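Heads up, the thing below is written out as structure tokens.
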Amino acid sequence: MKLRLILALLIIISLAACATTPTGRSQLAFMPDSELDSMGLQAFESIKKEKTISQSVQENQFVRCIVDAITREVGGRWEVLVFEDNTLNAFALPGNKIGVHTGLIDLVDNQDQLASVIGHEIGHVLARHSNERISQKMGAQIGISLIAAVAAPQTPLGQTALSLLGVGAQYGIIMPFSRLHESEADVIGVELIAKAGFNPSESITLWQKMAQASQAQPVEFLSTHPSHATRIDDLQAQMPKAMKIMQQAHAAGKHPNCMK
Ligand SMILES: [Zn+2]
């Protein structure tokens, strides 16, 4: 019995040691990615049923143009929808699903600011943060049952599943990403949008705008993506490298031109 337990632990540890994020950090993420993808798809279906999808050609083209430019650097097929919702929010789910609220489109001044948010969200997906959250907070057994629960967002387990995916706010449960996950998504996101030819320095303006908006009313995005005191400083420290990446992208002919 004891030997089996030790063997099981060794397997988990060795699997965990294999997993590394795009920044090179090793992580504990033992859920199969295919299962996380199904959770993401299911969560996206639930959100689609509850929200109104924007039919505005202008809004859809603006968002699609940004997502296409960013995901070209990542590969894979990504679905994006614009939701009629005044709250400031956007999200990306495992399985390559992206949602952007019209409130956030109204807030941003330009393509680079919205690219900053979408890049950050894609950063969470690429670094498998949902998988890591489930692996850290749940046992493997509960982890598996979460997959089924996501189809029933009205149940407590379903709400937990959705909050671990980062889309719990609309179901009443908020589970903020950790500071480590936030910083990592910032690093990945900024580099990604620079590679696509967007201006990464607009990410700083964007976070400032978010902070300003949160003084008037709670910002949904900040409830799941809390800002910390050194976020702006960290981003500023990243800028010299990021601007260089953007210049290389421009030299390679990447000039995204997404009009709001
Ligand atoms: Zn985040």
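These numbers come from the heavy atoms of this one structure, side chains and all, not from hydrogens, waters or symmetry mates. It should be emphasised that the depicted structure is a prediction, and the values quoted were computed from it without experimental measurement. Both counts, for ligands and for their atoms, begin at 1 and track the order of listing.
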- request: Considering only NZ, NE, NH1 and NH2 on the basic side and carboxylate oxygens on the acidic side, decide whether Glu79 and Lys48 come within less than 4.0 Å.
  value: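 So Glu79 pairs with Lys48 through a salt bridge.
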- prompt: Can a donor-acceptor pair be found between the side chains of Ser56 and Ser54 at a distance below 3.5 Å?
  reply: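 Checked: Ser56/Ser54 side chains show no N/O donor-acceptor pair below 3.5 Å.
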query: What residue among His129, His120, His228, His225 forms ring pair (Phe, Tyr, Trp, His ring centres under 6.0 Å) with His181?
result: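 Output: one option passes, namely His129.
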- prompt: Hey, is there an N, O or S on His181 sitting under 2.8 Å from the Zn ion (ligand 1)?
  reply: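 Not a single backbone or side-chain N, O or S atom of His181 is under 2.8 Å from the Zn ion (ligand 1).
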- prompt: What is the name of the N/O/S atom in Glu182 that sits closest to the Zn ion (ligand 1)?
  reply: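 Of the nitrogen, oxygen and sulfur atoms in Glu182, the Zn ion (ligand 1) lies nearest to OE2.
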field: Of the N, O or S atoms in His225, the one nearest the Zn ion (ligand 1)
entry: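 Of the nitrogen, oxygen and sulfur atoms in His225, the Zn ion (ligand 1) lies nearest to ND1.
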Considering only distance and modelled atom types, tabulate donor-acceptor pairs under 3.5 Å from the side chains of residues 240-252, sequence neighbours left out.
residue, atom, partner, partner atom, Å
Lys241, NZ, Glu191, OE1, 3.3
His250, NE2, Gly197, O, 2.9

